[in-house]
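Worksheet for the structure shown next.
These values consider heavy atoms only, across backbone and side chains, with no hydrogens, waters or symmetry-generated copies. Each ligand, and each atom within it, is numbered from 1 in the order the structure gives.
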Amino acid sequence: MTDVSRRLTATARITVMTGAGVSAASGVPTFRGADGLWKQFRPESLATVEAFARDPKLVWEWYDWRRQKIAACEPNAAHHVLAKWSRRFHHFNLITQNVDGLHERAGTANTIRLHGSIWEVFCWDGCPTSPARWRDETVPQTKIPPACPHCGGLIRPGVVWFGESLDPQVVELATAASDCDIFFTIGTSAVVYPAAGFVDLARRSGAFTVEINPEATPVSSAVDLVLRGSAEALLHQIEEHLV
Ligand code: NAD
Ligand code: ZN
């Protein structure tokens, strides 16, 4: 712990990658926990282009339920410590797989969002008068499925679905951020690529790599230091040891 805190200096290039585990203490359901199931549907069968094309109402009902749950959640100690670091350290980058917006709500600016945001939408048909994407924080939706204000057609959540590729510009930013001095992977099962690959990239760039997770993951054996426990407790402890 003190070793990690000692490495967090004014000149260190610090990069943190987070997953759903960081929001668990806020009460945001993960996909893999029992709470991840909604009306017996698996996220893998709802968060796809095919599911939306088949039944946009069903998919939007699920997103509306998730948006309501998230809107009722508050950032936890993990989000707050990371927000503090983003202001305190000059070379700080946060890469997140989360779509809940809790890092932003805690005050972290310039978050690199690999999987988009549940608070953004875009036109399903890509109508020419609509922006590429825009914020929509209507909770609950007044009409499901909601309509595109520009063409009257469908809008879809601004998240990356299973089988879709990530925004190349976002991947570029995350790749650049992986070249750092200390890299944390926190609250992610690290099985989804390319997210899992960033730990590898960081190691090859010479970074000291740290995993924070209550459970073992595929990257546990590859990192320099494993801190077993919750993000909210361990980040708080690291923060307390900072000089
Ligand atoms: P995941 O694959 O990132 O796994 C969650 C990890 O968090 C597990 O390894 C678990 O051991 C760990 N964990 C649990 N509680 C923790 C705690 N208190 N502190 C630290 N670690 C903890 O997440 P998933 O739920 O399987 O979701 C996969 C993808 O689905 C995400 O990458 C994301 O795109 C999307 N998703 C996002 C959210 C969100 O925005 N909060 C929630 C669910 C799913
Ligand atoms: Zn439209």
Side-chain angles (χ1 to χ4, degrees), residues 16-38 42-44 46-48 62-63 65-67 69-71 73 75-79 81-82 95-105 111 113-134 136 145-162 164 166 170 174 184-196 198-199 210-220 226-237:
V16 177
M17 181 173 74
T18 64
V22 160
S23 294
S26 294
V28 180
T30 62
F31 277 0
R32 300 198 167 84
D35 208 19
L37 289 178
W38 171 78
R42 292 158 52 80
E44 292 84 346
L46 291 162
T48 67
W62 180 56
Y63 275 96
W65 171 79
R66 289 180 61 204
R67 283 160 56 115
K69 283 217 146 199
I70 293 167
C73 294
N76 65 58
H79 300 107
V81 168
L82 295 175
I95 306 169
T96 190
Q97 290 160 269
N98 295 346
V99 298
D100 55 33
L102 290 179
H103 284 303
E104 291 87 339
R105 268 173 62 192
T111 301
R113 287 193 307 239
L114 288 177
H115 295 164
S117 169
I118 203 163
W119 302 113
E120 287 181 358
V121 295
F122 59 92
C123 180
W124 171 247
D125 292 322
C127 67
T129 47
S130 68
R133 51 178 58 224
W134 65 93
D136 176 327
C148 173
H150 304 276
C151 70
L154 291 167
I155 49 170
R156 57 157 283 182
V159 301
V160 178
W161 280 333
F162 293 102
E164 287 189 302
L166 306 192
V170 173
F184 293 86
T185 170
I186 310 180
T188 173
S189 51
V191 285
V192 187
Y193 269 86
F198 296 130
V199 188
V210 184
E211 173 177 68
I212 297 182
N213 199 308
E215 287 170 28
T217 77
V219 301
S220 299
V226 174
L227 299 175
R228 278 279 163 264
S230 77
E232 58 282 9
L234 289 168
L235 283 174
H236 177 72
Q237 284 177 36

Identity and separation of the nearest protein heavy atom to [atom]:
| atom | result |
| --- | --- |
| atom 18 (N) of ligand 1 | Glu232 OE1, 3.2 Å |
| atom 26 (O) of ligand 1 | Arg32 NH1, 2.2 Å |
| atom 13 (N) of ligand 1 | Gly21 CA, 3.5 Å |
| atom 2 (O) of ligand 1 | Ser189 OG, 2.3 Å |
| atom 35 (C) of ligand 1 | Phe31 CE2, 3.8 Å |

Determine whether [X] and [Y] make a side-chain contact, defined as any pair of heavy atoms from C-beta on separated by less than 4.5 Å.
| X | Y | value |
| --- | --- | --- |
| Glu104 | Arg113 | yes |
| Leu235 | Gln237 | no |
| Val121 | Arg133 | no |
| Val159 | Ser117 | no |
| Phe184 | Leu227 | no |

**Message:** Distance check, rounded to the nearest 0.5 Å: Asp125 atom CG versus His150 atom NE2?
**Reply:**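 These two atoms lie 13.0 Å from each other.
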
Apply side-chain hydrogen bond (donor to acceptor under 3.5 Å, both in side chains) to Thr185 and Glu211, showing your working.
-> CA-CA 5 Å; Thr185 170; Glu211 173 177 68; 5.2 Å; no

**Asked** Sequence neighbours excluded, which residues qualify as side chain to side chain donor-acceptor pair (under 3.5 Å) partners of Thr18?
**Response**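 Thr18: side chain to side chain donor-acceptor pair (under 3.5 Å) contacts with Thr96, His103.
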
Q: Go through the structure and list residues passing ring pair (Phe, Tyr, Trp, His ring centres under 6.0 Å) with Trp124, not counting sequence neighbours.
A: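 Partners of Trp124 by the ring pair (Phe, Tyr, Trp, His ring centres under 6.0 Å) criterion, ordered by chain and then number, come out as Phe52.
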
From the candidates [options], the one that places a heavy atom nearest [atom]:
| atom | options | value |
| --- | --- | --- |
| atom 21 (N) of ligand 1 | Ser230, Gly101, Pro214 | Pro214 |
| atom 12 (C) of ligand 1 | Val28, Thr188, Thr18, Asn213 | Asn213 |
| atom 43 (C) of ligand 1 | Ala231, Ser23, Pro29 | Pro29 |

As an exercise, identify every atom of ligand 1 less than 4.0 angstrom from a heavy atom of [X].
| X | result |
| --- | --- |
| Ala20 | 3 (O), 23 (O), 24 (P), 25 (O), 42 (C), 43 (C) |
| Val99 | 39 (C), 40 (O) |
| His115 | 32 (O), 33 (C), 34 (O) |
| Ala24 | 15 (N) |

Between His115 and Trp161, is the gap from one ring center to the other below 6.0 Å?
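When the ring centroids of His115 and Trp161 are compared, they turn out to be at least 6.0 Å apart.
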
Has ligand 1 got any nitrogen or oxygen that is less than 3.5 angstrom from a nitrogen or oxygen of [X]?
| X | answer |
| --- | --- |
| Gly187 | yes |
| Ala25 | no |
| Arg66 | no |
| Asp100 | yes |

Does Arg67 qualify as a cation-pi partner of Trp65, given the criterion of NZ or CZ under 6.0 Å from the six-membered ring centre and within 45 degrees of its axis?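 No, Arg67 and Trp65 do not form such a contact.
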
Summary of side-chain hydrogen bond (donor to acceptor under 3.5 Å, both in side chains) pairs that have at least one residue in residues 151-160, sequence neighbours excluded: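 Listed by first then second residue: Arg156-Glu164.
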
- Output, by chain and residue number, all protein N/O/S atoms separated from the Zn ion (ligand 2) by less than 2.8 Å.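 As for protein N, O or S atoms lying under 2.8 Å from the Zn ion (ligand 2), they are Cys123 SG, Cys127 SG, Cys148 SG, Cys151 SG.
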
For Ile70 against Arg105, the heavy-atom pair lying closest together: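 Heavy-atom minimum between the residues: O-NH1, 3.6 Å.
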
**Message:** Assess the residue pair Arg228 and Glu215 against the criterion (salt bridge (charged side-chain N to carboxylate O under 4.0 Å, His left out)); give the C-alpha distance rounded to whole Å, side-chain angles, the decisive distance to 0.1 Å, and a yes or no.
**Reply:** CA-CA 7 Å; Arg228 278 279 163 264; Glu215 287 170 28; over 6 Å; no

Subject >> Region of Gln97 that comes within reach of ligand 1 [heavy atoms, distance under 4.0 Å] >> reply: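 Within the 4.0 Å criterion, Gln97 contacts ligand 1 through backbone and side-chain atoms alike.
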
